[in-house]
Amino acid sequence: MAGVLERTRIQPVPVSELRRVCRPLSIEPEPGEKTPALSAYLGQERAINAIRFGIQMEHDGYNVFVLGPLGSHRHGMVEELAKERARAKGAPDDWCYINNFLDPERPRALRLPAGKGAEFRDDMQSLIEEIRLAIPAAFENDDYGNQLKALEAETQKELDELWHSLHEQAAREGIALLQTPTGYVLAPLIDDKVVDDKEFDKLPEEKRKEIKESIQRLSEELKVRIETMPKLRKRHHERVRTLDRDVTAHAVSVLLEDLKQKYQALPAALSYLKEVQRDIIENAQEFRRTEEPALPFLSHDSTALFASYEVNLIVSNEPDAAAPVIYESNPSYPNLIGKVEHRAEMGALLTDFRLVRSGALLQANGGYLVLDVHRVLGRPFVWEALKQALLTKEVRIESPAETLGFVSTTTLKPEPIPLDLKILLIGERWLYYLLCVYDKEFGGLFKVAADFDDDVERSTHNVEAYARLIAERVRQRELMPLSAAAIARVIEQRARHADDSERLSLHMRSLDDLLLQADYWARQRGINHVAIEDVTEAICQRDNRQDRMQKKILDAIKRDTMLIDTAGECVGQVNGLSVTDLGEYRFGHPVRITATTRVGKGDVVDIEREVKLGGAIHSKGVMILTAALSARYARDVPLSLHGSVVFEQSYGGVEGDSASVAELCALLSSISSVPIRQNLAITGSVNQLGRVQAVGGINEKIEGFFGVCKERGLDGSHAVIIPGDNIKHLMLTEEVVEAVDNDLFNVYAVQSVDEAIAVLTGRTAGERDIDGIFPPDTLNRLVEDKLIQYATRRKQFAEAAGDDNEHK
Amino acid sequence: MNTSSARRVMLAVTETSSLQDLWRAAMEHLAGEHAELITVFVRDDRWRRAASLPFTEEVSRASGGSMNFTLQRAEEVDRDAVMRTQGRLQQLATDSEIQLAFEILAEHEATRIHEFVRSESDLLIAPSFFKGRPFYSELARLKCRILLVDARDVTTEPQDYLE
């Protein structure tokens with residue numbers, strides 16, 4: 001390799017740049033030094049400032065959407081920032097639902113100062129208990145009994161007089177007043193005996209006439225009396241009702257006077273007390289009913305009568321508390337908006353104002369509500385209901401079926417309650433952008449985007465801050481302390497997690513997992529602190545738990561089921577590098593890329609694309625390398641090449657353009673018939689000008705090829721070629737770094753296709769001279785000559801075909 | 001009041017007499033397991049008589065409207081009275097745990113009353129207002145004791161409208 005390198009002048013990447021090591025860090029403050037607070041906010045100044053801005057903006061629409069990847073522990077930070085502001089805001093008002101006496105199906109909302117809601121509810125409950133005893137007692141009083149009897153006696157006397165006067169008058173005229181079950185019959189009497197028709201006919205004409213006239217007259221009198229009786233009855237009932245009302249009013253007024261005094265400064269409560277008083281008096285007779293019903297299940301329950309005076313406290317706040325900060329982890333429709341419950345009674349579902357329940361929106365009213373957007377969107381009707389509440393600035397408690405007009409039965413319609421709160425939605429970036437594009441209302445309601453960063457610059461200051469962050473999380477989880485070297489190891493791993501030696505990952509969940517697992521392994525060793533070995537062990541064990549597929553692929557390569565060469569050379573064949581992402585774990589491995597070429601019409605076939613196993617980005621990469629090919633060589637002649645490239649033994653789909661430089665090198669090798677060394681692997685994307693560009697997963701790719709070569713035996717010739725722009729991303733494992741340090745393995749960085757092909761083939765690529773010609777025996781010259789040859793041959797074939805047509 | 005026990009007690013009632021008063025008197029005189037009680041409902045002819053007059057009308061208590069009081073209606077009223085009285089007597093008998101025999105006697109069949117008398121120790125209890133009735137003359141000829149009870153004529157009292 002040294003000879004090749006001399007010709008190509010490509011130097012391997014220095015060991016020091018393969019892994020940026022962190023020096024051991026002490027995080028204990030010096031005596032007298034103040035420990036800076038809120039290291040958890042490290043690297044998130046943009047997002048924190050945005051959240052603070054959103055929280056403090058009092059205007060409509062300045063709700064906050066907190067963007068970022070899952071596991072970035074935004075919830076804790078968001079709630080902490082909200083609580084900062086909530087302390088200054090103070091407790092919001094309490095809310096109750098009370099009976100609407102004019103329209104019980106529309107319960108009214110009652111707003112009271114913080115803490116007064118519970119007090120008012122309890123006072124009303126006590127009042128009801130007192131009234132429940134006082135009213136029946138008032139009606140059982142002798143005084144009431146006497147008054148009632150007097151009224152009854154008076155009316156009865158009038159009725160008796162009506163009856164007796166008629167009866168006597170009839171008797172005087174010799175007429176009997178007989179009662180049937182349904183009425184009265186007037187019949188003539190002689191000697192106290194009713195006269196029949198024969199006896200009547202024997203009477204003188206005058207007597208008969210007199211009898212008829214008497215009966216006629218008495219009949220009219222009887223009808224008048226019959227008409228009078230209902231009037232007497234009605235008057236009697238009115239008198240009794242008035243008596244009942246007076247008795248009730250007296251009993252209730254005494255009990256309510258104290259409460260009215262107490263709530264004089266609260267007009268809404270005072271007004272309700274007056275309504276209660278009025279209603280009790282109006283319904284006084286309901287409260288004095290004492291007889292048992294005929295059927296037991298129709299029992300007269302006084303509890304139900306008084307229930308309409310209860311107070312349903314739906315939002316209760318302590319007067320000295322801060323504004324609420326609520327996180328609703330299950331934002332279903334009823335949990336968010338509220339609901340109207342029902343109770344089953346004799347086969348029917350009944351409800352009233354006491355069964356209205358508040359949701360998280362009302363619980364957080366006056367404060368802050370934190371929601372996960374994917375949960376909100378994943379539950380039916382919730383997103384629309386949330387927007388509706390924010391747009392109308394009120395909460396209307398009704399079922400989704402009612403909102404959509406599907407319910408036609410009578411149900412409660414509680415009075416809407418004004419809404420004043422800030423929503424803090426937490427979600428992934430792609431959801432935020434989707435909502436921005438497809439939901440026209442979203443932008444007007446969530447004007448503040450708090451974008452949490454994935455990583456932070458690995459400056460000295462930030463490294464120290466990160467060390468303090470680690471220490472804080474260790475303390476919060478009550479884990480064993482980390483040694484200085486262990487902290488350094490964790491920081492190195494965070495750079496690896498960020499895929500960048502110059503950045504540190506801010507993904508908190510994975511940091512917490514690493515700390516928890518390192519703590520576990522330290523405890524397994526029976527020591528009282530976490531050492532660097534424990535951190536390393538945690539990383540290794542985690543990889544071991546997830547590397548089944550990686551081991552399967554390595555085994556397949558080892559057993560030549562998957563063909564990968566790591567020695568020798570071959571025309572048109574190169575070791576490309578691929579990364580397999582399993583979510584929480586990813587690994588790299590080599591893939592064989594082959595290319596074939598012949599005379600053709602100037603197309604390069606991407607076989608992956610042809611069979612729909614290639615993604616759009618991969619196809620784009622192949623098109624770019626085709627353009628690079630045609631732009632670099634034989635520009636004065638038509639490209640008369642037919643080429644094809646493929647990922648051999650790949651059946652699961654290919655995406656990305658990180659293999660495009662490998663594919664181009666395979667094509668150049670095939671065109672020029674110059675073989676490529678198989679002890680090398682290459683990754684990188686290429687642009688149309690032949691520039692090699694950075695790609696992702698660089699560490700996994702290098703380690704993947706290293707693993708295969710190590711399995712077969714490292715001999716110092718194996719190496720990986722990477723884009724020069726990827727050097728800053730290198731955070732290779734210590735094993736790879738050690739192998740490089742011992743000259744058993746190498747990493748080369750290139751900037752152009754010429755450099756890459758030179759390393760792969762050991763032949764100088766060549767640059768055009770002043771006449772635009774590549775020097776002889778250079779790879780580029782060989783390629784260009786072959787392409788010109790293809791063009792000439794193609795022209796010959798075309799001319800021959802044209803002659804044939806003329807002669808036909 | 002003669003309170004000596006009787007083997008057979010006949011209770012003469014009408015639709016207008018107060019059953020409670022009569023029943024109370026009957027219970028006082030009924031003694032021993034072999035004593036028996038017969039109730040005799042004396043049917044009032046007055047409904048038939050009143051219905052025979054073409055100008056007799058029935059005035060409704062509910063509406064004040066009137067309609068002809070026909071013989072058919074009279075029989076209906078009469079039948080209702082018999083059934084009502086029998087029902088009330090049956091309830092009293094059930095409450096007192098005794099068997100009830102119920103006979104109906106029209107006022108013009110007064111002589112049939114003798115069929116129910118077996119011996120001089122039998123007792124006939126009747127409302128006091130029977131004394132003014134032609135029917136009473138037949139009762140006075142019975143060979144048994146007669147007890148007239150001051151039972152008021154309930155039809156002379158107005159119904160209680162203060163429900």
Side-chain angles (χ1 to χ4, degrees), chain A residues 148 151-156 158-164 166-168 171 175-201 208 211-213 215-216 218-230 232-234 236-237 240, chain B residues 14-16 43-85 87-88 107-108 129-137 153-163:
Chain A
L148 188 64
L151 283 176
E152 287 174 356
E154 191 180 324
T155 305
Q156 190 64 49
E158 285 181 64
L159 287 169
D160 287 348
E161 280 176 16
L162 274 179
W163 177 259
H164 284 306
L166 183 63
H167 192 75
E168 283 170 6
I175 304 295
L177 179 61
L178 309 176
Q179 286 194 59
T180 68
T182 56
Y184 304 93
V185 172
L186 291 161
L189 282 172
I190 292 180
D191 296 332
D192 287 337
K193 186 175 167 186
V194 173
V195 175
D196 65 11
D197 54 344
K198 295 185 183 59
E199 288 163 351
F200 184 78
D201 288 339
R208 280 185 276 146
I211 288 172
K212 284 182 185 177
E213 283 173 359
I215 287 176
Q216 179 66 32
L218 287 167
S219 186
E220 294 300 320
E221 288 286 325
L222 179 60
K223 287 176 184 175
V224 168
R225 278 160 174 73
I226 287 173
E227 284 171 12
T228 304
M229 282 173 187
L232 284 178
R233 190 162 50 239
K234 183 181 173 190
H236 174 73
H237 287 151
V240 171
Chain B
T14 70
E15 65 174 284
T16 61
R43 184 177 264 153
D44 197 333
D45 277 351
R46 54 184 173 169
W47 298 118
R48 183 186 59 77
R49 289 168 173 273
S52 68
L53 296 168
F55 51 83
T56 306
E57 291 183 333
E58 183 181 6
V59 180
S60 167
R61 186 180 297 115
S63 64
S66 57
M67 56 184 183
N68 286 342
F69 190 67
T70 61
L71 275 169
Q72 191 180 358
R73 173 63 183 154
E75 284 170 12
E76 199 177 287
V77 170
D78 200 30
R79 232 180 359 258
D80 284 343
V82 170
M83 286 174 60
R84 203 167 44 247
T85 305
R88 286 159 60 195
E107 203 166 347
H108 62 271
F129 62 77
F130 264 26
K131 218 170 180 182
R133 298 275 186 90
F135 171 66
Y136 187 72
S137 61
D153 184 347
V154 296
T155 58
T156 62
E157 297 172 351
Q159 293 187 4
D160 182 4
Y161 295 108
L162 297 176
E163 294 180 8

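Numbered from 1 within each chain, the chains take letters A, B, ... in sequence-line order. Keep in mind that the numbers below use all heavy atoms, side chains included, and drop hydrogens, waters and symmetry copies.
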State whether the side chain of B/S52 and the backbone N or O of A/D196 hold a donor-acceptor pair below 3.5 Å, judged by distance alone. no
Quick check for you: among A/L186, A/L178, A/L222, A/I215, which has the greatest number of heavy-atom pairs under 4.5 Å with chain B? A/L178
Sort out for me which of B/L53, B/D45, B/V77 touches chain A most, counting heavy-atom pairs under 4.5 Å. B/L53
Nearest heavy-atom contact between B/S66 and A/K223 is OG-NZ, 3.4 Å
Within 6.0 Å of CG in A/D191, more than 12 heavy atoms from elsewhere: no
Relative to chain B, which segment of A/Q216 carries a heavy atom at a distance below 4.5 Å: side chain, backbone, both, or neither? neither
Quick check: closest heavy atoms across B/R61 and A/Y184, and the distance to 0.1 Å? NE-OH, 3.4 Å
For A/P181 and B/R84, the nearest pair of non-hydrogen atoms, with its separation, is CG-NH1, 3.5 Å
What part of A/K193 is in contact with chain B, defined as an atom under 4.5 angstrom from a non-hydrogen atom: side chain, backbone, both or neither? side chain
Polar side chain donor-acceptor pair, A/S219 to B/E57, under 3.5 angstrom: no
About how many Å separate CZ of B/R49 and NZ of A/K198, when rounded to the nearest 0.5 Å? 10.0 Å
Are the side chains of B/R73 and A/T182 in touch, meaning some heavy atoms are under 4.5 Å apart? yes
